[in-house]
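A note on names: the letters A, B, ... follow the listed sequences, proteins ahead of strands, and every chain is numbered from 1.
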Amino acid sequence: MSEFDEGRDLEVTLGRVRSLIDQDFSVEQLDALRKQLRETEERMARLRQFPLENGDQPAPGFRPFRKGAKGS
Amino acid sequence: MTSHPKHSIASLGRKIRSGEITPIELAEEAVSRLETTGRELNAVVTVTADLALEEARKAEEELTHGVDRGPLHGIPYGAKDLLATRGIPTSWGMAPFRDRIIDEDAAVITSLRESGAVLAGKLAMLEGAGGFGYNQTNATFTGPGLNAVDPNAWAGGSSNGSGSAVAAGCLPFAIGTETWGSIHIPSSFNGLTGFRPTYGLVSKRGAMALSWSMDKIGPMCLTAEDCGLVMAAIASPEDPFAGLRWFEAPAPWSGPLRIAVLKGSGEAAQPEIGANFEASLKALGQFASLEEVVLPDIPWVDLARIIVHVEGAAAFEVFLREGKAAELTAPEDRTGLMEGFSVPAVDYLRSMRIRYQGMKAMDEMLDGFDAVAAPAVPFVAPPIDTTFDRLFSNLDVPTLGAAGNLCGLPSISLPNGTGERGLPTSLEILGRAWDDPKVISIGMRYQQETG
């Protein structure tokens, strides 16, 4: 269960996201964005239940940079 | 005009060297087919006729004078339209970019040119590689991608043009990309052999970024052997693991083989796909020992969605902030990726920390095995008027898609029959990181055994 079920936090998040974007949203688009934000919050809530230890590091995905090296 | 639809790279190479056909004839044929069949399937963004003829002419001249650049010399191909090409528009499937030219060649385009391959067209794709969350097939300015086997069905995504153009015989191979399913889904839906390399093995320079930590580039071909030939041209010779030695000539796997079978994956698929998977396991059992394994209990789908949305929102930050999403084709894409802005950094990093646990768990699952098998996609190509909210609502079935992509593991999809409405189905073979040549060789052995 997400705190977004109460609706209040969802509107705060929606307002924050909207403020970043220079776009006029229709009522339908705002509803779609609410749905996306709710689903994202639910996913994050489920992932917060996953047991991690302090020493568990993020997946490796970035390489050191040196100009001219492959993949840089 | 000579007709050479649906010939493998290997067989076309033999025809070129025997004088049966010339690179110019092949290029003309590819251009013509892209302009007709390719357009009909909404598989094409730009036909690069002038460039194709120029490159074909050069190939012909070189081969005539004894300069042989290898198996791809004189072979036409198509590139998903997210790979930059000098002097030719690169749209990323997005209407606002339909006329944009990124005036450099992607590393893959350069590698293929150096191998003598002939670029005949830039191929259609879902806008932004599907990252904006499309819910219908009409999610790109070139129109819905029609399936080469049945145009009433979807070609898959996001590399739909690469899938249908090759399957329809317009081209012997194409380059696709995969963040989460975009090579294997269109390959499976159109009856092709698709290969997704280990993350990082193929340079992404000049390719559109959706998810920096998940994007991969790979070939979509008629056979596993052809995938090997293309990979030999585009794979980086360097890798961070000293174990990889890329083959000069791909060959079917001949040594002992131990293949894991993903428990529950056949049962979770459509019945015909399950039956075809069982038949594939029998074929694999002729040359490999098989043993069931369980997919590690990791929230793969939640992880993939959070990571793609956050990295996608970052990659398209300026585009989104400037309100350009309003110009996208699919109405639902006009709010896509914006949820990525709502994810706190701690939650993104938590996802990456859990992802690392998943990587280690998958490596442990594969310990002692050469590869793991499962149906490539648990359903056949849906009708062209499908909406995807229901189709993709239950991705938590045991498949290798999210796990394989999050872990960056190499895998090949191999056609293994037909399912509902006579549409193609596929087997997926996934290996350990940097075992790319082995995965392709296993695919070749499977195709050798099954004809």
Side-chain angles (χ1 to χ4, degrees), chain A residues 1-4 7-72, chain B residues 107 133 135 199-205 212-214 236-240 298-299 301-307 309-311 313 317 320-326 331-332 334-344 346-360 406-408:
Chain A
M1 191 66 79
S2 156
E3 63 259 39
F4 272 19
R8 185 169 46 90
D9 292 337
L10 175 62
E11 293 305 316
V12 171
T13 305
L14 177 66
R16 188 163 57 81
V17 171
R18 278 185 72 181
S19 73
L20 298 173
I21 297 162
D22 183 17
Q23 184 173 327
D24 293 326
F25 291 94
S26 66
V27 172
E28 292 77 18
Q29 286 175 329
L30 287 175
D31 282 344
L33 195 46
R34 279 190 189 92
K35 182 169 179 281
Q36 290 161 218
L37 293 170
R38 190 190 311 279
E39 288 172 354
T40 298
E41 178 58 31
E42 287 168 357
R43 283 186 198 107
M44 288 192 292
R46 286 193 293 271
L47 292 173
R48 286 175 196 136
Q49 304 302 312
F50 191 91
L52 285 170
E53 303 289 333
N54 178 261
D56 288 336
Q57 296 179 22
F62 301 97
R63 300 176 184 207
F65 176 79
R66 180 171 171 179
K67 192 174 180 181
K70 290 270 180 189
S72 63
Chain B
N135 191 36
Y199 173 85
L201 181 60
V202 177
S203 170
K204 293 184 285 187
R205 185 173 56 75
W212 288 289
S213 73
M214 289 177 70
S236 167
E238 298 172 16
D239 71 86
I298 298 287
V301 172
D302 282 335
L303 288 178
R305 290 210 187 279
I306 292 289
I307 291 166
H309 290 164
V310 172
E311 295 186 11
E317 182 181 356
L320 293 170
R321 280 180 180 268
E322 291 180 348
K324 292 280 175 53
E332 63 274 17
R334 297 170 194 162
T335 56
L337 279 181
M338 294 173 187
E339 67 270 40
F341 289 130
S342 75
V343 178
V346 168
D347 285 285
Y348 171 71
L349 281 169
R350 178 180 297 106
S351 298
M352 295 297 274
R353 294 170 73 200
I354 299 171
R355 181 183 186 178
Y356 200 17
Q357 300 303 306
M359 288 175 162
K360 289 189 276 192
L406 282 161
C407 299

If we define contacts as heavy-atom pairs under 4.5 Å, which of Leu30(A), Leu20(A), Leu14(A), Val17(A) has the most with chain B? Leu20(A)
Would the number of heavy atoms belonging to other residues, nucleotides or ligands and lying under 6.0 Å from NZ of Lys204(B) be above 12? yes
Give, as side chain, backbone, both or neither, the part of Glu317(B) having an atom under 4.5 angstrom from any heavy atom of chain A. neither
Where is the tightest heavy-atom contact between Thr40(A) and Glu339(B), given as atom of each residue plus distance? OG1-CG, 3.3 Å
Which heavy atom of Pro344(B) sits nearest to which heavy atom of Met44(A), and what is that distance? CD-SD, 3.6 Å
Does Tyr356(B) reach the side chain of Asp56(A), with side-chain heavy atoms less than 4.5 Å apart? no
Test side-chain contact (heavy atoms from CB on, under 4.5 Å) on Met338(B) and Phe25(A); report intermediate values, then the result. CA-CA 12 Å; Met338(B) 294 173 187; Phe25(A) 291 94; 3.8 Å; yes
Given heavy-atom pairs under 4.5 angstrom as the criterion, report whether the side chain, backbone, both or neither of Ala325(B) touches chain A. both
For Arg321(B) and Ile21(A), indicate whether the former's side chain and the latter's backbone hold a donor-acceptor pair under 3.5 Å. no
Any sub-3.5 Å donor-acceptor pair from Gln23(A)'s side-chain atoms to Arg334(B)'s backbone N or O? yes
Please check if the side chain of Arg350(B) supplies one atom and the backbone of Leu52(A) the other of a donor-acceptor pair under 3.5 Å. no
Between the CG atom in Leu303(B) and the CZ atom in Phe50(A), the distance rounded to the nearest 0.5 Å is 8.0 Å
Side chains of Glu41(A) and Ser342(B): is there a donor and an acceptor less than 3.5 Å apart? no
I need the Thr335(B) OG1 to Gln29(A) CD distance, nearest 0.5 Å. 6.5 Å
What distance do Gln357(B) atom CD and Gln57(A) atom CD have between them, rounded to the nearest 0.5 Å? 10.0 Å
Using 0.5 Å steps for rounding, measure from the NZ atom of Lys35(A) to the CD atom of Glu332(B). 10.5 Å
Taking the side chain as every heavy atom from C-beta outward, state whether Asp347(B) and Leu47(A) have any pair of such atoms under 4.5 Å apart. no
Pairwise distance CG(Leu37(A)) to CZ(Phe341(B)) - rounded to 0.5 angstrom: 11.5 Å
Spatial distance of atom CD (Gln49(A)) from atom CD1 (Ile354(B)) [nearest 0.5 Å]: 10.0 Å
What part of Glu53(A) gets closer than 4.5 Å to chain B, counting heavy atoms only: side chain, backbone, both or neither? backbone
